[in-house]
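Beneath this line is the structure, given in structure tokens, with notes to follow.
These numbers were taken from a predicted model, which means no experiment stands behind them. One-based numbering, in listed order, for ligands and for the atoms of each. Counting begins at 1 with the first residue of the sequence.
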Amino acid sequence: MKLLFINGVNLNMTGIREKGVYGVQTLDEINAEIAAHFKDDECEFYQSNSEGDICSKLHSAECDGIILNAGAFTHYSYAIRDAIAAISVPVIEVHMSNVHAREEFRHTSVISAVCKGVVAGFGKNSYILAGESFKL
Ligand code: DQA
């Protein structure tokens, strides 16, 4: 199975910013653990702070499933929502933190409705749980 893990804005700062919320591991370290977990699958990892680049990555995706942590774009990017709706590859929305237990603006997702499902609140394991769901 080919899985594409996309991380959006500020996720490159994981391990540096708000360690109490997102943990102390860097995104590279987390991605290495994800790759080890899915050792029998083909994993691609992509991160961008640019909304347009994430849309382009979604448009060109050739894989069985996409695991997307759009970061704050989740809460307001109609462009990313439309990009997800434009493709046939299923996308799962992921958050490391439990966004529903945080500030009110994080309770809104403009992408959930066009995603196959949502996983939030399990730290780095949110990515693994989302990836595993493609195998059910
Ligand atoms: C996040 C939650 C978002 O609200 C936030 O803007 C992020 C990370 C998460 O993984 O918990 O950047 O998507």
Note down each nitrogen or oxygen pair, ligand 1 side and protein side, whose separation is under 3.5 Å; give only atom names and the distance to 0.1 Å.
residue: ligand 1; atom: 4 (O); partner: H75; partner atom: NE2; Å: 2.7
residue: ligand 1; atom: 4 (O); partner: R106; partner atom: NH1; Å: 2.8
residue: ligand 1; atom: 6 (O); partner: A72; partner atom: N; Å: 3.1
residue: ligand 1; atom: 6 (O); partner: R106; partner atom: NH1; Å: 3.1
residue: ligand 1; atom: 10 (O); partner: N69; partner atom: ND2; Å: 2.9
residue: ligand 1; atom: 10 (O); partner: M96; partner atom: N; Å: 2.8
residue: ligand 1; atom: 11 (O); partner: M96; partner atom: N; Å: 3.3
residue: ligand 1; atom: 11 (O); partner: S97; partner atom: N; Å: 2.8
residue: ligand 1; atom: 11 (O); partner: S97; partner atom: OG; Å: 2.6
residue: ligand 1; atom: 12 (O); partner: R17; partner atom: NH2; Å: 2.9
residue: ligand 1; atom: 13 (O); partner: N69; partner atom: OD1; Å: 2.8
residue: ligand 1; atom: 13 (O); partner: H95; partner atom: ND1; Å: 2.8

* Asked: Is it the case that more than 12 heavy atoms not belonging to E103 sit under 6.0 Å from its CD atom?
  -> yes
* Asked: Are more than 12 heavy atoms from other residues, nucleotides or ligands located less than 6.0 Å from atom NZ of K19?
  -> no
* More than 12 non-hydrogen atoms from neighbouring residues, nucleotides or ligands closer than 6.0 Å to CZ on F122, yes or no? -> no
* **Short side-chain donor-acceptor distance under 3.5 Å, N7 and Y46** => no
* Please name all residues satisfying side chain to side chain donor-acceptor pair (under 3.5 Å) with E42, sequence neighbours left out, ordered by chain then number. => none
* Geometric class of the F105/H75 ring pair [parallel <30°, tilted 30-60°, perpendicular >60°] -> perpendicular
